[in-house]
Amino acid sequence: MAKPGRPGARKNKKGATAGTGGHGRKALEGKGPTPKAEDRSWHVAGKRKAANDRLEAARARHGKPDASGKRPPRPKKADDGELVTGRNSVVEALRARIPASTLYVAARVEMDDRVKEALSIATKRGIPVLEVMRPELDRMSGPDAVHQGLALKVPAYEYAHPLDLLEVAHGTDRPPLLVALDGVTDPRNLGAIIRSAGAFGAHGVIVPQRRSVGMTASAWKTSAGAAVRVPVAMAANLTQTLQSLKKAGVFVLGLDGGGDTPLPGISFADRPIVIVVGSEGKGLSRLVTENCDAIVSIPIQADTESLNAGIAVSVALYEVAKLRA
C-alpha cells in the first residue's frame, strides 16, 4: 500500500522531460563588439558628439565659420529671387535687360502690345515662357500684387566680396574707387548710385547685409543697365569692411552736410578712395563716421537742407573723376 504524499507537494513524473529546444542558444551568442563611447547616445561622449553635430549644422545654415575657420557657402533656397508683376513693370524690366529666369503668362491672357513685346523680348533672349492658370499666378504673386497676367522671375543677385572689388581695381590702370552705402534703403537710390558709378569709373558698390537695400528689380531698372558692368558687393559688417579697406591703403571719405572738409579741390583724389554715403534722413552712423579718414561736405544753397543720396554720390564721383583727369 503506497504512502500518501504530503498535501500540496508537487508530484514529479519519472522519466525524460522535454528540453528547451535551443531557445536560449541565441542569448548565449553575445551582442557583438561594444560600441564606442561616442556612438552611445546615453554616454557623455555621445551627448558631446550630438551637440557638436547640431552646432556644425547651425553654422552651415547661417554661414558661420566651422572648426577649421572656413566659412561654408550659403546654400541657395529654391525660391530665392524676386517676382516682378504687372505688364508695365515686366516690360520695363525686360527692356533694361534685367537677368530673368522665367516669364509667366496667364492662360488665355488678353494679348495687347505690352504682352506681345514681353513675349518677343523673352524669346529673343532665350528666357523660358511658361503658361500657368490664373489662380496659380495669383498664388505666386501674393495677395497684394496685381500681375495683369504677366510675371517675371528674377533670380537672386550674386554679390561679390568687398575685398574682391579692391583686387579687381588694382588690376586696372586707375586708382581704386569704390562706393559704400550706410543705411540706404531705397532701391532707386542704389540704382542711381550704380549708374553714376559706371559713368564716372568706379570699380564697385558695397552694401551692408543688414538695414540696407539690396539688388532688387527696382534697383536693376533704375541703374539703366549699369548693374551689368558695375559689381555690387555685400558686407556682413560695414564698419569692419571699412577697417579692412583702410589697412589695405584705401582712404575712407564720408559724405555729410556737416563735414569740415569741402568737396571741391580735395587733395587726396589721386589716392585709392571709398566714398561712404548715409541715408538722407539719418546720415552716417556713429561707428562709420569714426572710421572715416575725412568727412566731406558738398556746398549747397542755404534753403536746401540736404541732397538725395544718389545725387550726393554723383557729385562726389564727378569731382574725384575731374581731379584725377
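- Note on Val252: it does not cluster hydrophobically with Val313, by side-chain heavy-atom contacts below 4.5 Å among ILVMFWY residues.
- Judged by distance alone, the side chain of Thr123 and the main-chain N or O of Leu119 form a donor-acceptor pair under 3.5 Å.
- Taking 4.5 Å as the limit, every side-chain heavy atom of Pro175 sits out of range of all side-chain heavy atoms of Arg271.
- Taking all atoms of both residues into account, the shortest heavy-atom contact from Ser212 to Val207 is OG-CB, 4.0 Å.
- The shortest distance between side-chain heavy atoms of Arg87 and Glu110 falls below 4.5 Å.
- Residue Leu178 is not grouped with residue Val315 when hydrophobic side chains (ILVMFWY) are merged at heavy-atom distances under 4.5 angstrom, including chains of intermediate members.
- With hydrogens and angles disregarded, a donor-acceptor distance shorter than 3.5 Å links the side chain of Asp182 to the backbone of Ser285.
- Here the rule is side-chain contact (heavy atoms from CB on, under 4.5 Å) with Leu190, and of Val205, Val179, Thr185 only Val205 fits it.
- Residues Thr85 and Leu150 have side chains not in contact (no heavy-atom distance under 4.5 Å, counting atoms from C-beta outward).
- In terms of hydrophobic clustering, with Ile, Leu, Val, Met, Phe, Trp and Tyr side chains grouped at heavy-atom distances under 4.5 Å, Leu253 and Leu317 are assigned to a common cluster.
- Between Leu245 and Phe251, the closest side-chain pair of non-hydrogen atoms is not below 4.5 Å.
- Between the side chain of Arg324 and the backbone N or O of Asp270, no donor-acceptor pair lies under 3.5 Å.
- Separation of atoms CD1 (Ile121) and CD1 (Ile127) is listed at 8.5 Å; rounding is to 0.5 Å.
- Put simply, the side chain of Ile275 reaches to within 4.5 Å of the side chain of Ile273, judged on heavy atoms.
- In this structure, Arg97 places its CZ atom where only 12 or fewer heavy-atom neighbours from other residues, nucleotides or ligands lie under 6.0 Å away.
- In terms of heavy atoms, Val129 sits closest to Ala122 at CG2-CB, 4.0 Å.
- With salt bridges taken as basic N to acidic carboxylate O contacts below 4.0 Å, none links Lys153 and Glu82.
- Looking only at side-chain heavy atoms (C-beta outward), Leu284 and Val276 come within less than 4.5 Å of each other.
- Note: Asp186 CG to Asn308 CG = 7.5 Å, rounded to the nearest 0.5 Å.
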Output a table of donor-acceptor pairs, distance under 3.5 Å, between side-chain atoms of residues 192-203 and any protein atom two or more places apart or on a different chain; print 'none' if there are none.
| from | atom 1 | to | atom 2 | distance (Å) |
| --- | --- | --- | --- | --- |
| Ser196 | OG | Ala192 | O | 3.1 |
| Ser196 | OG | Ser314 | OG | 2.4 |
| His203 | ND1 | Leu177 | N | 3.1 |
| His203 | NE2 | Thr172 | OG1 | 3.1 |
| His203 | NE2 | Arg174 | NH2 | 3.2 |

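- Minimum heavy-atom separation, Pro128 to Ser101: CD-O, 3.1 Å.
- Here the CE-NE2 distance, from Met234 to His161, works out to 12.0 Å after rounding to the nearest 0.5 Å.
- The minimum heavy-atom distance between Pro264 and Pro299, with the atom names listed, is CD-CD, 3.9 Å.
- For the atom pair Arg114 CZ and Leu94 CG, the distance stands at 13.5 Å (nearest 0.5 Å).
- Residue pairs meeting the salt bridge (Lys or Arg N to Asp or Glu O under 4.0 Å) criterion with at least one member in residues 292-301, sequence neighbours excluded: Lys246-Asp293.
- Checked for salt-bridge contact, Glu319 and Lys322 meet the test: a charged N lies under 4.0 Å from a carboxylate O.
- Cluster annotation: Val91 is not connected to Val105 through the hydrophobic network of ILVMFWY side chains, with a link wherever side-chain heavy atoms come within less than 4.5 Å.
- Criterion: ILVMFWY side-chain heavy atoms under 4.5 Å apart, direct or through other members. Under it, Val277 and Ile206 are not part of a common hydrophobic cluster.
- Arg108 has its side chain within reach of Met133: a pair of non-hydrogen atoms, C-beta onward, lies under 4.5 Å apart.
- Minimum interatomic distance between Pro155 and Ala100 (heavy atoms only, all atoms of both residues): CD-CA, 3.9 Å.
- Connectivity analysis of hydrophobic side chains (ILVMFWY, heavy atoms under 4.5 Å, direct or indirect) links Met140 to Leu83, Tyr104, Leu130, Val132, Leu137.
- With salt bridges taken as basic N to acidic carboxylate O contacts below 4.0 Å, one links Arg139 and Glu136.
- The line from CD1 of Ile295 to CG of Leu255 is 8.5 Å long, rounded to the nearest 0.5 Å.
- Contact of the His147 side chain with the Arg134 side chain is registered, since non-hydrogen atoms from C-beta on lie closer than 4.5 Å.
- Put simply, CG on Leu287 and CG on Leu238 are 10.0 Å apart, with the number rounded to the nearest 0.5 Å.
- Of all heavy-atom pairs spanning Val320 and Ala269, the tightest one is CG1-O, 4.1 Å.
- Tyr159 places a side-chain N or O within donor-acceptor distance of the main-chain N or O of Met215, the cut-off being under 3.5 Å.
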